[in-house]
Amino acid sequence: MQNILMGTLARAEYAAPALRNAKQLGAQQYVDFNTRLAPFKLPDAEGMRHSRILLSSKGRISQIEIPCFAKDEMCFCNMLGLSFDMPIIKLQGLMGALSRIFKEGSTVVLDRPENEPFEKMEKLLSDCGFLIYEYIMSDEIQARFLDRYNTPDVSFAPITGISFYMAVKKTV
């Protein structure tokens with residue numbers, strides 16, 4: 001249970017500055033997913049237009065709240081927690097679909113198992129119209145976001161086996 005909580009904390013700690021950065025670069029929308037695995041909503045998303053994407057059982061976009069979504073504005077999409085266990089073929093389909101509706105410069109944060117080769121994710125994201133802006137593995141996640149929560153009295157098990165990616169929609 002402790003490692004699950006630390007994983008959730010790590011995701012929140014990574015997503016918050018990524019969202020702040022995306023807002024500084026012009027993102028005006030926050031996109032999340034209507035699934036039981038949906039990532040958490042960040043406080044920094046307040047004041048942004050919020051759109052929700054519904055996924056089919058096959059991991060494809062089945063609906064997007066179009067009245068809320070502005071295709072001509074950059075957005076921030078938090079897939080941390082949702083993308084980790086998603087089969088690679090479903091992730092590729094979803095990223096391709098997002099690429100078709102997201103404006104250039106939009107940011108997506110996602111996580112994958114650490115044993116998945118970086119080159120495989122780099123190719124998948126590039127083929128879907130995204131460039132990797134940042135990639136960090138579990139040891140860096142631990143050092144940057146979690147070590148400060150350990151005290152002399154309480155020491156949490158280190159997080160392992162996870163990588164975080166920040167990808168940005170390429171300019172066409």
Side-chain angles (χ1 to χ4, degrees), residues 6-56 59-86 88 90-113 116 118 121-122 124-138 140-141 144-146 159 162-172:
M6 293 308 284
T8 301
L9 178 60
R11 288 176 174 106
E13 290 282 332
Y14 182 68
L19 173 59
R20 283 191 294 275
N21 183 61
K23 284 175 75 172
Q24 287 177 344
L25 295 174
Q28 298 174 338
Q29 310 183 78
Y30 182 90
V31 177
D32 71 2
F33 295 85
N34 189 25
T35 71
R36 64 179 179 78
L37 298 173
F40 41 86
K41 186 171 180 188
L42 299 166
D44 288 331
E46 297 302 320
M48 297 178 82
R49 183 179 300 104
H50 181 252
S51 296
R52 179 156 293 191
I53 293 176
L54 304 175
L55 295 179
S56 71
R60 294 193 175 116
I61 295 176
S62 64
Q63 184 181 351
I64 185 167
E65 290 178 344
I66 298 296
C68 301
F69 186 76
K71 206 172 181 180
D72 60 336
E73 294 178 0
M74 290 189 330
C75 60
F76 176 84
C77 181
N78 182 3
M79 291 178 53
L80 295 171
L82 176 69
S83 55
F84 183 79
D85 290 321
M86 189 176 280
I88 197 78
K90 287 184 181 181
L91 179 63
Q92 184 174 17
L94 179 56
M95 292 304 295
L98 293 177
S99 181
R100 289 188 289 280
I101 61 172
F102 284 1
K103 182 179 176 169
E104 301 164 353
S106 293
T107 301
V108 178
V109 290
L110 57 146
D111 52 355
R112 294 301 293 168
E116 186 171 83
F118 171 82
M121 279 302 294
E122 183 178 42
L124 179 148
L125 291 168
S126 180
D127 288 350
C128 293
F130 290 89
L131 295 174
I132 295 174
Y133 181 77
E134 183 175 45
Y135 165 69
I136 60 174
M137 296 172 68
S138 56
E140 187 176 349
I141 293 168
R144 280 176 56 184
F145 305 114
L146 300 175
I159 192 165
I162 188 169
S163 296
F164 290 163
Y165 294 84
M166 183 187 319
V168 177
K169 171 82 186 294
K170 292 189 238 185
T171 304
V172 182

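Heads up: numbering here begins at 1 and tracks the sequence. Source: prediction; values computed, not measured.
- Taking all atoms of both residues into account, the shortest heavy-atom contact from Ala45 to Leu19 is N-CD2, 3.5 Å.
- Between Met79 and Asp111 there is no side-chain heavy-atom pair separated by less than 4.5 Å.
- Residues Gln92 and Cys128 form a side-chain contact, since some pair of their non-hydrogen atoms from C-beta on lies under 4.5 Å apart.
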Output, in order, the C-alpha distance, side-chain angles, deciding distance and verdict of side chain to side chain contact (heavy atoms under 4.5 Å, CB included) for Ile88 and Met121. CA-CA 9 Å; Ile88 197 78; Met121 279 302 294; 4.1 Å; yes
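- For Glu134, the side chain to side chain contact (heavy atoms under 4.5 Å, CB included) criterion is met by Tyr14, Ile136, Arg144, Met166, not counting sequence neighbours.
- A heavy-atom distance below 4.5 Å is found between the side chains of Tyr30 and Asn78.
- When all heavy atoms are compared, the tightest approach of Ala10 to Ile159 is CB-CD1, 4.0 Å.
- Within a 6.0 Å radius of OH in Tyr133, other residues, nucleotides and ligands contribute 12 heavy atoms or fewer.
- Looking only at side-chain heavy atoms (C-beta outward), Met86 and Leu110 stay at 4.5 Å or farther from each other.
- Looking at every heavy atom in both residues, Phe76 comes nearest to Ala22 through CD1-CB, 3.8 Å.
- Residues Lys169 and Ser99 form a side-chain contact, since some pair of their non-hydrogen atoms from C-beta on lies under 4.5 Å apart.
- In terms of modelled atom types and a separation under 3.5 Å, the side chain of Arg112 and the main chain of Ser83 share a donor-acceptor contact.
- Atom CD of Glu104 is separated from atom OG1 of Thr171 by 4.5 Å, given to the nearest 0.5 angstrom.
- Distance check: Asp32 CG to Cys77 SG gives 8.0 Å after rounding to the nearest 0.5 Å.
- Proximity of Tyr165 to Phe130: side-chain heavy atoms (C-beta onward) are nowhere separated by under 4.5 Å.
- Note: Leu125 CG to Leu131 CG = 9.0 Å, rounded to the nearest 0.5 Å.
- Separation of the Tyr135 and Phe164 ring centroids does not fall under the 6.0 Å cut-off.
- Between Arg11 and Phe84, some side-chain heavy-atom pair lies under the 4.5 Å cut-off.
- The stretch residues 69-86 participates, sequence neighbours left out, in these salt bridge (charged side-chain N to carboxylate O under 4.0 Å, His left out) pairs: Arg49-Glu73.
- The structure places CE of Met74 at 6.0 Å from CG of Leu25, a figure rounded to the nearest 0.5 Å.
- Of all the heavy atoms in Leu80 and Ala15, the pair that sits closest is CD1-CB, 3.8 Å.
- Taking SG of Cys75 as the reference point, atom CG of Leu98 lies at 8.0 Å (rounded to 0.5 Å).
- Checked by atom type and distance alone, the side chain of Gln29 pairs as donor or acceptor with a backbone atom of Ala70 at under 3.5 Å.
- With hydrogens and angles ignored, the 3.5 Å screen pairs no side-chain donor or acceptor of Thr107 with any backbone N or O of Val168.
- Applying the salt bridge (charged side-chain N to carboxylate O under 4.0 Å, His left out) test to pairs two or more places apart or on separate chains, those with a residue in residues 14-26 are Arg20-Asp44.
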